Amino acid sequence: MKNKENPYIPFDATITSIKELNRFSKSYRFDSPEIRELNYEPGQFFEITIYGVGQSVIGATDSMFDEGFELAVLNTGGLVSSKLHQLEVGNVVGIRGPFGKPFPMDEFKGKNMLFICAGIGFWPVRSAIKHVLANRSDFGKMNVILGVREPSLFCYVNEVEEWIARDDITVQQTVDGIPEGEQWNGEVGLITVLTDKFEIDNPEDWVVLCVGPPVAFKFIGMSLNNRGFTDDQIYVSLERKMKCGIGKCNNCLIDGRVYVCQNGAVFTLAEVKALPGGLD
Amino acid sequence: MATYHPLIAPVPNGEDFVFAEVKSSKEIAFSFDKTKKSLKEFLLKPEEVLMTASFTEGKAKPAPIDDTMKILFGARPCDITALELFDQVFSIDYDDPYYLSHRKNTIILGLNCLNLCKNGFCGITESFAPKKGYDIMFTELPGEKFLVESGSLTGEKLIHKSMNVEGVKEEDRIPIIQTFKSMNDNLSNEKSLAGISSIMALDHQALWDEYGEKCLACNLCTSVCPTCWCFTVHERIAVSADDLSDVTKTEKYRHWTSCLFKDYHTVSGGHVFNPTTASRLEFYYKHKFKGIPEKFGVLGCVGCGRCVSACPVGIDIRESLERLTNVEIDIYEPSESSESSESSESSDVITELRL
Ligand code: SF4
Ligand code: SF4
Ligand code: FES
């Protein structure tokens, strides 16, 4: 992390482009001298400050291997996320980070990779997917499962189309339902309709990266256990309130003892299940 | 050349005592049970600006830290023991420049307790005799005398510069040893909280539910507690009184918060991680008696009893610990007469140390 002498001070970054991901979400690209030197890994997160308004913690959606540093923001209606949605190209924000333990991508080398992305859980996982794509020969098979509430909520659609067109990656998508007026010819049902059908004969050769709402972890975990995966092979990323990112403020503690900002936010499902309240 | 340092010391406040800046040693209460609040507010400010920046351009600058050297007299052993925890919290992995600056610039003059204070149980938590964390420790001896010991180089220098501090004489030997013997008899306790971490991992739902029904989540216990340090960080526009039209100045600031507040566990989007008061009390106890010991090697409670005195609905940590561990914790009510009288000699020493 930058600014080790005063870990609370962000560096400035200018918004260089903004994209609408869906009607609730936007992605932002930033630039600044500090960003050009930024080193971060999939699964790590940043804190973005809108000076005078507030701060918010956001997982990296990108990898360092292509276009640059990007964060995606869902407008929850809260003060900071709605202000973020009003920002324009050229505006300056503060950035601190990266924080947290990344997905241990090096340990996954040689493994087959299954990515399960529920809702906006896709964003942090995308960072890991891009890492694997950039180092494709280091990994075995690659499957991506995406689930959203309704078809219009899919994000990074063009990019996903490109993945679908490749022959070294299998993408499956599902929606919880189809509201009136929306078109969808694919699978309908919770994300477990796809994990339930996941066909493999060598589960020990796989690693699963799964991000979504914690309640989904319970059901996805069960479905994966039925397919022969153990909880140690399933990596998840947890969301908690975070104010400092450096183990000082206690806001991210689970069970009064595990710091999500330092001990996570990436955990194995086995670790999370062992933690009272971990799956809340 | 004499340099004036602000002196903070216990002063009477209604039925209680509080730390306040004093101008004369006559204002100082030398016999005080303990201050109502701990001394943490001088090191971890209830609110502190971390940085300023421009609304439009950023360019964040760390806020200047008030680094006036202060002398804090009357730190009780429990409060000094708590500093062992805070010193770790604010220097582990990343230095917290604000806390560390206040800590460095606060000379801690401790005052040993010879008897247990109201609601205190520092014997059980073994926090009545800190081995470090202070610059000078005062121990009241019979005959209006004080034993003055240094705990740091700063303390050592202060003592040497003080005119009315004499070397320990042969006739002082016995009274000194006896004072510590009686202090030990009065404060130490053969009982302990051994196993508390393991016990915290068990299910105590009935207890949390019972306390959860009573607790108002008012945060009085956590704000007086010397070992609670949870804070939150916010941004605001900082309009200066000099130029009301300039609304471009912003501040990042932090302030104390409490794990007993629902808001503390609420994330963007509205999900609350510990939604009931019972679950938040469980979190509070687990942090103090499992999380803190695991990470920092010390208990998250120094037995000062302030939370007991503060709680408007009578939640008593001694009772909870008793129910958790089955170890009986004696309740001690000091009698008025056992308190020692004011000592003129001690005030001289303090005055002297201000030089
Ligand atoms: S929990 Fe209560 S008794 Fe323990 S240190 Fe805090 S205020 Fe004192
Ligand atoms: S002082 Fe008592 S009522 Fe208030 S938060 Fe603490 S335990 Fe609950
Ligand atoms: S976010 Fe402050 S301790 Fe984790």
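Lettering of chains follows the sequences in order, A, B, ..., and the numbering in each one begins at 1. In this text the structure is predicted, and so the values were computed from the model without any measurement.
- Among all heavy-atom pairs drawn from A/I9 and B/A60, the shortest one is CG2-CB, 3.9 Å.
- A 4.5 Å side-chain heavy-atom check between A/D255 and B/F283 finds every atom pair outside the cut-off.
- At a threshold of 4.5 Å between non-hydrogen side-chain atoms, the residues A/P213 and B/H271 do not count as touching.
- Contacts between residues 273-280 of chain A and chain B, counted as heavy-atom pairs separated by less than 4.5 Å, involve A/P276, A/D280.
- Most heavy-atom pairs under 4.5 Å with chain A: of the set B/T56, B/T257, B/I292, this distinction falls to B/T56.
- For A/K83, the NZ atom counts as loosely surrounded, since its 6.0 Å shell holds 12 or fewer non-hydrogen atoms of other residues, nucleotides or ligands.
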(Q) Applying side-chain contact (heavy atoms from CB on, under 4.5 Å) to B/M51 and A/Y8, what does each step give before you reach the verdict? (A) CA-CA 8 Å; B/M51 63 170 223; A/Y8 298 104; over 6 Å; no

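- For B/D203, no part sits under 4.5 Å from any heavy atom of chain A, backbone or side chain.
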Q | Check against side chain to side chain donor-acceptor pair (under 3.5 Å), B/K252 and A/T49 | A | CA-CA 9 Å; B/K252 192 187 281 299; A/T49 296; 2.9 Å; yes

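- Interface residue B/K59: backbone and side-chain heavy atoms are both found under 4.5 Å from chain A.
- Taking the ring centre of A/Y259 as origin, the terminal cationic atom of B/K295 falls inside the region bounded by 6.0 Å and 45° from the ring axis.
- Side-chain contact between B/R254 and A/K243: absent, with no pair of heavy atoms (C-beta onward) separated by less than 4.5 Å.
- Listed options B/T52, B/T248, B/D96, B/N274 were ranked by heavy-atom pairs under 4.5 angstrom with chain A; first place goes to B/D96.
- In B/E213, the CD atom is not crowded: 12 or fewer heavy atoms of neighbouring residues, nucleotides or ligands sit closer than 6.0 Å.
- Proximity to chain A (any heavy atom under 4.5 Å) is shown, for B/T232, by both the backbone and the side chain.
- Using a 4.5 Å cut-off between heavy atoms, B/E57 contacts chain A through its backbone alone, with no side-chain atom that close.
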Q: Take B/Y264 and A/N250 through the test side chain to side chain donor-acceptor pair (under 3.5 Å) and record every step on the way to the result.
A: CA-CA 9 Å; B/Y264 180 90; A/N250 296 335; 4.7 Å; no

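- A distance-only check finds a donor-acceptor pair linking the side chain of A/K248 to the backbone of B/I92 [under 3.5 Å].
- Under the 4.5 Å side-chain criterion, counting only non-hydrogen atoms from C-beta, A/V53 is in contact with B/F55.
- Using a 4.5 Å cut-off between heavy atoms, B/S258 makes no contact with chain A at all.
- Proximity of a side-chain donor or acceptor of B/E235 to a complementary backbone N or O of A/G52 within less than 3.5 Å is detected.
- Looking at A/K241, its side chain never comes within 3.5 Å of a backbone N or O of B/V267 through a donor-acceptor pair.
- Interface remark: B/Y99 contributes no atoms to any contact with chain A (heavy atom separation under 4.5 Å).
- Using modelled atom types, one side-chain atom of A/N251 and one backbone atom of B/F231 make a donor-acceptor pair closer than 3.5 Å.
- For the options B/A53, B/P62, B/S54, heavy-atom pairs under 4.5 Å to chain A are most numerous at B/P62.
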